[in-house]
Amino acid sequence: MRRNRGGPISAEPRINDRIRVPEVRLVGPSGEQVGIVPLAKALELAQEYDLDLVEVAATARPPVCKLMDYGKFKYESAMKAREARKNQAHTVIKEMKLRPKIDPHDYDTKKGHVVRFLKQGDKVKITIMFRGREQSRPELGFRLLQRLAEDVQELGFVESNPKQDGRNMIMVLGPHKKKTEAMAEARQAQAARKAERQQGESRG
C-alpha cells in the first residue's frame, strides 16, 4: 500500500463515486431533508435529477450529502470569495514624523496629511523626533501631540497615548470612520464626478 508522502490534502468535498460509506443523510436539491438512505439510492437519485451527490458534512454520522450542481456551486463560491476579498478593508498604519520645534507652515502641511489619512480610514502613527538638547524637553513633544490630536478630533481619536520611545515620542491616532465606509464614500464621490463630467460632455 503506497502512502502519500507529504502530498497536499484536498480541501475539496468528496462527490459521487468518491463517497465511500454504506449510507448517507441526504438533503434534496431545495434543502429538504430526505433522511438516511443507502449510498446506492442517493447516487441513483442524483442521476435522476441530473445532479451531483456532494458530501457537505463528512464528520457527521452518517455523513451528510446534498444533491446539487457541483460545478455551479464551485463557481458561485469562488465568486463570493472574490467579492468578499474585494470588499475587505485592510487598515493601514501611516506614519508622520515631526520635530518638536516645527515651524507653523510645516505643521499645517503635516496636519493636512494626517487629515487625509484619517479621512481614508487609516490609522496614523505620529512620531516626534528629539535631537540633542531637545531630549531634555519632552513636554514640547507632548504639547505638540496634544495640539495635533485636538486639531483633528473631528476625524480621529487618540488610540495610543503619547509615550517616550528612546529619542522619539509616539502617539497613534485612529479614524472615527471605518475603512470600508471611507472606501464606499470615495467610490460614491468618484461616481458623482464621473456623472458630472459626462453631463458636461453631453451638453458640449
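For this chain, numbers begin at 1 and follow the sequence in order. Note: hydrogens, waters and symmetry copies are ignored here, and every other heavy atom, side chains too, is used. Here the structure is a predicted model, which is why all the values come from computation and not from measurement.
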Between R61 and A58, what is the shortest heavy-atom contact and its length?
NH1-O, 3.6 Å
Is atom CG of D103 surrounded by more than 12 heavy atoms (other residues, nucleotides or ligands) closer than 6.0 Å?
yes
Minimal heavy-atom distance between L118 and P175, with the atoms involved, is O-CB, 3.6 Å
Between R137 and F130 the two heavy atoms that sit nearest each other are O-CE2, 3.8 Å
Exactly one of M169, K97, Q164 should register a side chain to side chain contact (heavy atoms under 4.5 Å, CB included) with I128. Which one does?
M169
Count the heavy atoms of every other residue, nucleotide or ligand shown that sit under 6.0 Å from OH of Y49, and state whether that count exceeds 12.
no
Hey, does the side chain of K66 reach the backbone of G31 with a donor-acceptor pair shorter than 3.5 angstrom?
no
Salt bridge (charged side-chain N to carboxylate O under 4.0 Å, His left out), that's the test. Do E12 and K74 meet it? Break it down for me.
CA-CA 10 Å; E12 300 271 307; K74 268 183 80 171; 3.3 Å; yes
How about F73: does its CZ atom have over 12 heavy atoms from other parts shown lying under 6.0 Å from it?
no
For the residue pair V24 and C65, what are the closest heavy atoms and their distance?
CG1-SG, 3.6 Å
Tell me whether E154 at atom CD has more than 12 heavy atoms from other residues, nucleotides or ligands lying less than 6.0 Å away.
no
Tell me if a side-chain donor or acceptor on E48 pairs with a main-chain N or O of A46 at a distance below 3.5 Å.
no
Within the distance-only criterion (no hydrogens, no angle test), does the side chain of H113 pair as donor or acceptor with the backbone N or O of E95 below 3.5 angstrom?
no
Taking CD in E139 as the centre, count heavy atoms belonging to other residues, nucleotides or ligands within less than 6.0 Å. Is the count above 12?
yes
Give, for atom CG of L43 and atom CD1 of I19, the distance between the pair rounded to the nearest 0.5 Å.
6.5 Å
Got more than 12 heavy atoms from elsewhere within 6.0 Å of CD, Q146?
yes
Under 3.5 Å, is there a donor-acceptor pair between the side chain of R99 and the main chain of M129?
yes
Applying a strict under-4.5 Å side-chain criterion to I, L, V, M, F, W and Y, I'd like to know whether M96 and M171 cluster together.
yes
Residue pair Y75 / D69, side-chain donor-acceptor N/O under 3.5 Å:
no
List the steps, then state whether side chain to side chain contact (heavy atoms under 4.5 Å, CB included) holds for E32 with V27.
CA-CA 6 Å; E32 69 279 13; V27 179; 6.0 Å; no
P63 to E23 - nearest heavy-atom pair and separation:
CD-O, 3.9 Å
To the nearest 0.5 Å, what is the distance between CD on E76 and NZ on K80?
6.0 Å
Count the heavy atoms belonging to other residues, nucleotides or ligands that lie under 6.0 Å from CZ of R116, then report whether that count exceeds 12.
yes
Can you check whether R131's main-chain N or O pairs, donor with acceptor, with E134's side chain at less than 3.5 Å?
yes
Is there side-chain contact between L53 and L26, with at least one heavy-atom pair below 4.5 Å?
yes
When you look at OH of Y70, are more than 12 heavy atoms from neighbouring residues, nucleotides or ligands closer to it than 6.0 Å?
yes
Nearest atoms (heavy-atom pairs only) where L173 meets V152:
CD1-CG2, 3.9 Å
